[in-house]
Student: 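Mind having a look at this structure? Questions to follow.
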Amino acid sequence: MILPMMAASAAMLALQSAPQAAPTSPPITTLDQLPIEEAAAPRCAVAFAIVARWQAANDPRGSEYPDMQEDGGREFFVRTLAGLMEARELSREAATDIIFGEVRMLSNPEGAEQIAAMMPACLLMKRSVGL
């Protein structure tokens, strides 16, 4: 009688100490699904890409910002997207879809105002990572 109880106890202990698989979070499709702390850098990366596009097209909206090609905007974009893909286990295609969705949201007249409002914090974030 004692032997079966010991075996059952040992089995229960083994199950309790066995490594548990980390719960997987559902895949994201927009930055709105992320906590603000996690979405801020990708949003800034998108803002930098839009400003870089304005600057390349000599659009006056880009003139008030540092040169995104030369001042680390592009590097910030690449690093941030790589980090998002790794942290959320996203494919390149899924990350691209998320980013293009954000670009669509900011590529309208109100988007320029949103970018202007977020750019001071984004530039500070870029500097804080050494870019």
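Nothing fancy with the numbering, it's 1 onward along the sequence.
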Student: Working to the nearest 0.5 Å, report the span between CG of Asn108 and CD of Glu110.
Tutor: 4.5 Å
Student: State, yes or no, whether a side-chain contact exists between Met68 and Trp54 at a heavy-atom distance under 4.5 Å.
Tutor: no
Student: Listed by chain and number, what are the side chain to side chain donor-acceptor pair (under 3.5 Å) partners of Thr30, not counting sequence neighbours?
Tutor: none
Student: One thing to verify: whether Glu75 and Lys126 come together as a salt bridge, which I'm taking to mean a side-chain N less than 4.0 angstrom from a carboxylate O.
Tutor: no
Student: I need the minimum non-hydrogen distance between Ala117 and Pro120, along with the two atoms involved.
Tutor: O-CD, 3.6 Å
Student: Do Leu84 and Leu31 have side-chain heavy atoms sitting under 4.5 Å apart?
Tutor: yes
Student: Spell out, as yes or no, whether a donor-acceptor pair under 3.5 Å connects the side chain of Thr80 to the backbone of Phe77.
Tutor: no
Student: Linking I/L/V/M/F/W/Y whenever their side-chain heavy atoms sit closer than 4.5 Å, directly or via other members, would Val51 and Val129 fall into one cluster?
Tutor: yes
Student: With a 4.5 Å cut-off on side-chain heavy-atom distances among I, L, V, M, F, W and Y, is there a chain of contacts connecting Met119 to Met105?
Tutor: no
Student: Using side-chain heavy atoms (C-beta onward) and a distance below 4.5 Å, is Val46 in contact with Ile115?
Tutor: no
Student: What are the two closest heavy atoms between Ala47 and Met118, and how far apart are they?
Tutor: CB-CE, 3.9 Å
Student: Which distance, rounded to the nearest 0.5 Å, do you find between the CG of Leu106 and the CD of Glu102?
Tutor: 5.5 Å
Student: Quick check: closest heavy atoms across Asp71 and Pro66, and the distance to 0.1 Å?
Tutor: OD2-CB, 3.2 Å
Student: Could you tell me whether a side-chain N or O of Gln55 sits under 3.5 Å from a main-chain N or O of Tyr65, the two making a donor and an acceptor?
Tutor: yes
Student: Using the salt bridge (charged side-chain N to carboxylate O under 4.0 Å, His left out) criterion, which residues pair with Glu113? Sequence neighbours excluded.
Tutor: none
Student: What is the distance from atom CD of Glu38 to atom CD1 of Ile28, rounded to the nearest 0.5 Å?
Tutor: 7.0 Å
Student: Taking salt bridge (charged side-chain N to carboxylate O under 4.0 Å, His left out) as the test, write out the residues that go with Asp59, two or more places apart.
Tutor: Arg61
Student: For Asp32, which residues count as a salt bridge (charged side-chain N to carboxylate O under 4.0 Å, His left out) partner, sequence neighbours excluded?
Tutor: Arg43
Student: Kindly write out the residues that satisfy salt bridge (charged side-chain N to carboxylate O under 4.0 Å, His left out) with Arg74, not counting sequence neighbours, or none if the list is empty.
Tutor: none
Student: Which heavy-atom pair separates Met85 from Ala95 by the least distance, and what is that distance?
Tutor: CG-CB, 3.5 Å
Student: Any chance you could measure Leu123, atom CG, to Leu131, atom CG, to the nearest 0.5 Å?
Tutor: 11.5 Å
Student: Which distance, rounded to the nearest 0.5 Å, do you find between the SG of Cys44 and the CG of Leu124?
Tutor: 9.5 Å
Student: Name all residues meeting the side chain to side chain donor-acceptor pair (under 3.5 Å) criterion together with Arg53; count only those two or more places apart in sequence or in a different chain, and write none if there are none.
Tutor: Ser107
Student: Please round to the nearest 0.5 Å and tell me the distance separating atom CZ of Arg88 and atom CG of Leu34.
Tutor: 5.0 Å
